[in-house]
Protein chains: 2
Amino acid sequence: MSKSSPPRRRRGSARTTLSQVADVAGVSAITVSRALNAPERVNAETRRHILATVERLGYVPNLVAGSLASASSRFIAVIVPSLANAVFIEVIQGLQETFEAEGYQILLGNTDYDLDREAQLVRTFLGWSCSALVTAGLRHSDACRSLLSQWDKPIMEMMELGEALDLNVGLDHSEAGRCMARHLLTRGYRQIVYVAGRMAEDYRAGLRYAGHREILEGEGLAAPLLDLAHLGSLEAGAAALERVLETHPRADAIHFANDDLATGALLHAQRLGLGVPKDIAIAGFNGLPLGQHVTPRLTTIRSPRQHMGQLAAQRLLARLQGDVVSRRQDVGFELLPGDSS
Amino acid sequence: MSKSSPPRRRRGSARTTLSQVADVAGVSAITVSRALNAPERVNAETRRHILATVERLGYVPNLVAGSLASASSRFIAVIVPSLANAVFIEVIQGLQETFEAEGYQILLGNTDYDLDREAQLVRTFLGWSCSALVTAGLRHSDACRSLLSQWDKPIMEMMELGEALDLNVGLDHSEAGRCMARHLLTRGYRQIVYVAGRMAEDYRAGLRYAGHREILEGEGLAAPLLDLAHLGSLEAGAAALERVLETHPRADAIHFANDDLATGALLHAQRLGLGVPKDIAIAGFNGLPLGQHVTPRLTTIRSPRQHMGQLAAQRLLARLQGDVVSRRQDVGFELLPGDSS
DNA sequence: CGCTGTTATGTTAGCGCTAACATCCTTTTT
DNA sequence: AAAAAGGATGTTAGCGCTAACATAACAGCG
C-alpha cells in the first residue's frame with residue numbers, strides 16, 4: 001500500500017487564482033466568481049470587499065478555465081476571404097464595435113478566397129467554443145457545411161442573400177449588376193465590357209456580372225468579360241484599362257467589379273490623356289470614398305458595409321439572448337451616379 | 001452517511017471527446033492526444049488507426065480544454081489603435097500570414113487610440129493565456145505597463161523605435177519627419193505647414209512633426225501646425241487644404257501626417273483648379289498605393305508595413321522556439337519623391 | 001544473461017473555473 | 001407562530017484535456 005506517495009508534481013502558471021482571492025477575502029471561490037460574473041447575485045458589501053481584494057492582488061481571471069467550465073466562450077468567430085479589400089475591413093469594424101460593446105471578442109480568420117482554408121478555420125474556431133460564427137458568403141466546402149450543420153450555435157452568413165444555413169444579412173448582387181447595367185444603357189453606352197478579378201473565387205463579382213449580362217442580352221447586346229488574375233487594386237485597374245483598349249477598341253464603357261479597379265482605370269485614363277466619360281465611361285462597385293474624391297467622380301454602387309456589420313452583430317446578439325430574429329435581411333444598395341459615366 | 005447519493009448532474013456539450021475517440025480506437029486518451037499533437041511520438045500504425053477514428057467520428061478537439069491543461073494557447077494577441085488606417089491593416093496582414101502558417105491564431109484588439117481601452121484589452125488577452133502579445137506603439141497607461149511587466153511571455157512593440165518592454169520592430173518617426181522637411185527645403189519651399197489629425201492620440205505623427213520642426217527651425221523658419229479633429233481621410237484632407245489656404249495664404253507647401261490627408265488635399269486642389277506643386281506643394285507619409293496613382297504622383301515616405309508585420313512575427317516565432325533574438329530592429333523607410341512637390 | 005537505453009503506451013492527477021445542488025438565514029404570508 | 005418564499009453563500013463534482021511519472025517490451029552490449 002503506497003499510501004505515502006511522494007508529492008508528485010507542480011504545474012500551472014504562477015499567477016493568482018480565483019481561490020487565492022477567495023481565501024484572502026475570506027469567502028468561497030464561487031462567491032468570488034459570482035462577484036465578478038453576476039454581481040447582482042452577491043451582497044453589495046461582500047462584492048465591494050471582493051472587488052477590492054481582486055484589485056489588490058492584481059488578479060486576472062483565467063478565461064480559458066472559465067470557458068471550459070461553462071462550455072462557452074465570449075468569442076465570435078469571423079471569417080472573411082481577404083483583408084486586402086476595404087469592404088471586409090469595414091464590415092469587420094461594424095461587427096467589432098458592436099460585439100465589443102457587449103464584451104465579446106472577435107476571432108478573425110482570413111481564407112484568402114480558399115474554401116478549404118475556410119473549413120480549416122471553422123474547425124479551429126469550433127474548438128474554441130465560440131458563441132457564434134460569422135462568415136462572408138454562402139458558399140462553403142462540403143466539409144465546412146457538415147461541420148457547421150452539426151453545430152448548435154448561431155451562424156451568420158453575410159454579404160449576399162440566398163439559401164443560408166441560419167441567419168443571413170446582405171444584398172442582392174445580381175440585382176446590383178442589373179442596376180448598373182441599366183444605368184449605363186440609360187446613359188447611352190452600348191459596347192460595355194465587364195472587368196472582374198479572379199471571378200471564380202470572388203464569385204459575388206460573378207453574380208453581378210450575371211445580372212449585368214442579363215440586362216445587356218435583353219437588349220440584344222453582347223456582354224464581353226475580362227477576368228483578371230488579381231482581385232482588385234489601382235495597379236490592376238490601370239493595366240485592365242490598357243487591355244480593354246487593346247482587345248475591345250470599340251468599347252464605350254467599362255463596368256468594373258469593384259471601385260479599386262475602376263478608380264485605378266480612371267486615374268490611368270487621366271495619365272493617358274483619355275477623356276472620361278467622353279472617350280470611355282467607367283463604373284465601379286462598392287462606393288469607397290476613394291472613388292468619390294477623384295475627378296470625374298466615379299459612378300458606382302454603394303453597399304452599406306459598416307452598417308451591414310453592425311446589423312449582423314445586433315441580430316446575433318439578440319439571438320444569443322434568446323430572442324427570435326428574422327432569418328434574412330436585405331440591406332440594399334444605392335446607385336451613386338457620378339461623372340465618370 | 002449518505003453513501004447512496006443520487007446521480008447528481010450532467011453537463012458539457014454533446015460533442016465527441018478525446019476519450020470517446022480513445023475508447024473506440026482501443027487506446028488510451030493520452031495516445032490519441034499524442035497522435036494529434038506530437039505524431040512522431042506514436043507508432044505509425046497506431047497513429048493511422050487513430051486518425052482514421054478521429055475522422056470517422058468527426059472529432060473536433062476542444063482547444064479550450066487543451067489550453068487549460070497545458071497553460072498556454074496558440075493565440076497571439078495583436079493590439080492596434082485603429083482599423084480605419086490601411087497601415088495597420090497591412091501590418092496585421094503581415095503578422096497573420098506568418099503566424100497562421102505556424103498554426104497560431106491572431107486575437108485582434110482595437111483600442112481606438114485610447115490607452116485605457118488598451119489596458120482593458122491586455123487584461124482580457126492575458127486571461128486567454130496567449131503565447132505572445134503584439135502592440136502598436138511604445139506608449140501605454142500605467143495599468144497596462146504593470147500588467148505587461150508581470151507577464152512572462154514575449155511582447156513585441158511595433159511601428160516605432162525606442163525604450164521597449166521586450167522586443168521592438170519599427171522605424172524612426174522623427175527621422176522620417178526630418179527627412180521630408182529636408183526634401184521640401186531642397187525643393188525650395190519655405191512656408192511649410194504641417195497638418196496632422198488628432199496628434200495627441202496619433203503621437204507618431206507628433207514625432208514626425210518634431211523632426212520636421214527641428215529642421216525648419218534649424219534654418220530659421222517657422223513650422224506652423226494645423227491639428228485636425230479627424231485622423232485621416234480624403235474628406236479631412238480636402239477640408240484641411242481649404243483651411244490652410246485661408247489661415248496661411250502665403251504657404252507654399254503642406255506636409256501632411258499621412259497619405260490619406262495628403263491625397264485628399266491633392267485631389268481637392270484639382271477640383272479647385274489649383275496647380276500642384278506650382279501653387280502649393282503637397283507631401284504625405286506612408287507610401288500607400290493611392291498616392292502613387294494620382295496625378296501628380298504624391299511625394300511621400302514609404303514604410304515597409306507588411307514586411308514589418310512579417311518580421312515581427314518571425315522574431316516572435318523564433319523567440320517562442322527558445323532562440324535568442326535581438327531586441328530591436330529598425331526597418332527603415334524610403335523617401336518617394338513624387339511630382340507633388 | 002543481467003544491464004542499460006530506447007520506444008511505445010498507460011496511469012494518475014490536476015489545470016482554474018463554474019453548474020448544480022445544498023444549506024442557512026431573513027423576511028413574508030396566512 | 002408555523003409554513004412558505006426568497007436571498008446569500010457554500011459544497012461538490014466535474015468541464016476535456018495534457019504534464020509528469022510509470023510501465024512494459026525489446027534491442028544492443030560486454
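Because the structure is a prediction, the values reported are computed rather than measured. Proteins get letters first, then strands, A, B, ... in listed order; numbering begins at 1 in each.
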From [atom1] of [X] over to [atom2] of [N], roughly how many Å is that when rounded to an integer?
{"X": "A/Ile50", "N": "C/dC17", "atom1": "CD1", "atom2": "P", "result": "14 Å"}
{"X": "B/Arg15", "N": "D/dC15", "atom1": "CZ", "atom2": "C1'", "result": "12 Å"}
{"X": "A/Arg47", "N": "D/dG7", "atom1": "CZ", "atom2": "C1'", "result": "13 Å"}
{"X": "A/Glu40", "N": "D/dA8", "atom1": "CD", "atom2": "P", "result": "10 Å"}
{"X": "B/Arg74", "N": "D/dC17", "atom1": "CZ", "atom2": "P", "result": "17 Å"}
{"X": "B/Asp23", "N": "D/dG16", "atom1": "CG", "atom2": "P", "result": "14 Å"}
{"X": "B/Leu18", "N": "D/dT18", "atom1": "CG", "atom2": "P", "result": "6 Å"}

Item to check | Atom pair CG/CD1 of B/Leu95 and B/Ile76 - distance to nearest 0.5 Å | outcome: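 Going from CG on B/Leu95 over to CD1 on B/Ile76, the span is 9.0 Å.
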Taking the side chain of [X] as heavy atoms from C-beta outward, which of [options] is closest to it?
{"X": "A/Asn62", "options": "D/dT9, D/dT18, C/dG16", "result": "C/dG16"}
{"X": "A/Ser28", "options": "C/dC17, D/dT11, C/dG10", "result": "D/dT11"}
{"X": "A/Asn43", "options": "D/dC17, C/dG10, D/dT9", "result": "D/dT9"}
{"X": "A/Leu68", "options": "C/dG14, D/dG10, D/dC15", "result": "D/dC15"}

Checklist entry - Do the side chain of A/Arg34 and the base of D/dG10 come within less than 3.5 angstrom through a donor-acceptor pair of N or O atoms? => result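 Under the 3.5 Å cut-off, the side chain and the base do form a donor-acceptor pair.
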Checklist entry - So, is A/Tyr59 near the phosphate of C/dC17, with a side-chain N or O under 4.0 Å from OP1 or OP2? => result yes
Item to check | ring-ring contact (aromatic ring centres under 6.0 Å, His included) between B/Phe75 and A/Trp128, worked out | outcome: CA-CA 11 Å; B/Phe75 277 138; A/Trp128 282 110; 4.2 Å; yes
Checklist entry - Which residue, A/Val64 or B/Thr31, contacts DNA chain C at a nucleotide closer to its 5' end, judged by nearest heavy atom? => result B/Thr31
Checklist entry - Between B/Arg41 and B/Ala65, which is nearer to the 5' end of DNA chain C once each is assigned its nearest nucleotide? => result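 Checking each residue's closest nucleotide, the 5'-ward one belongs to B/Arg41.
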Checklist entry - Just wondering, are more than 12 heavy atoms of other shown residues or ligands nearer than 6.0 Å to CD in B/Glu40? => result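 Count over threshold, so yes.
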Checklist entry - Quick check: are there more than 12 heavy atoms from other residues, nucleotides or ligands sitting under 6.0 Å from CD of B/Glu163? => result no
Checklist entry - Which part of the nucleic acid, if any, lies within reach of A/Val27 when heavy atoms closer than 4.0 Å are counted: base, sugar-phosphate only, or nothing? => result sugar-phosphate
Checklist entry - Across the strands shown, which category fits B/Thr46 at heavy-atom distances under 4.0 angstrom: base, sugar-phosphate, nothing? => result sugar-phosphate
Checklist entry - Of B/Ser67 and A/Ile30, whose nearest nucleotide on DNA chain D comes first from the 5' end? => result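 Looking at the nearest nucleotide for each, A/Ile30 comes out on the 5' side.
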Next on the checklist: Whether the A/Gln105 and B/Thr124 side chains hold a donor-acceptor pair (N or O, under 3.5 Å, no angle test) is what I'd like checked.
Outcome noted: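 Not at all, the side chains of A/Gln105 and B/Thr124 share no donor-acceptor pair under 3.5 Å.
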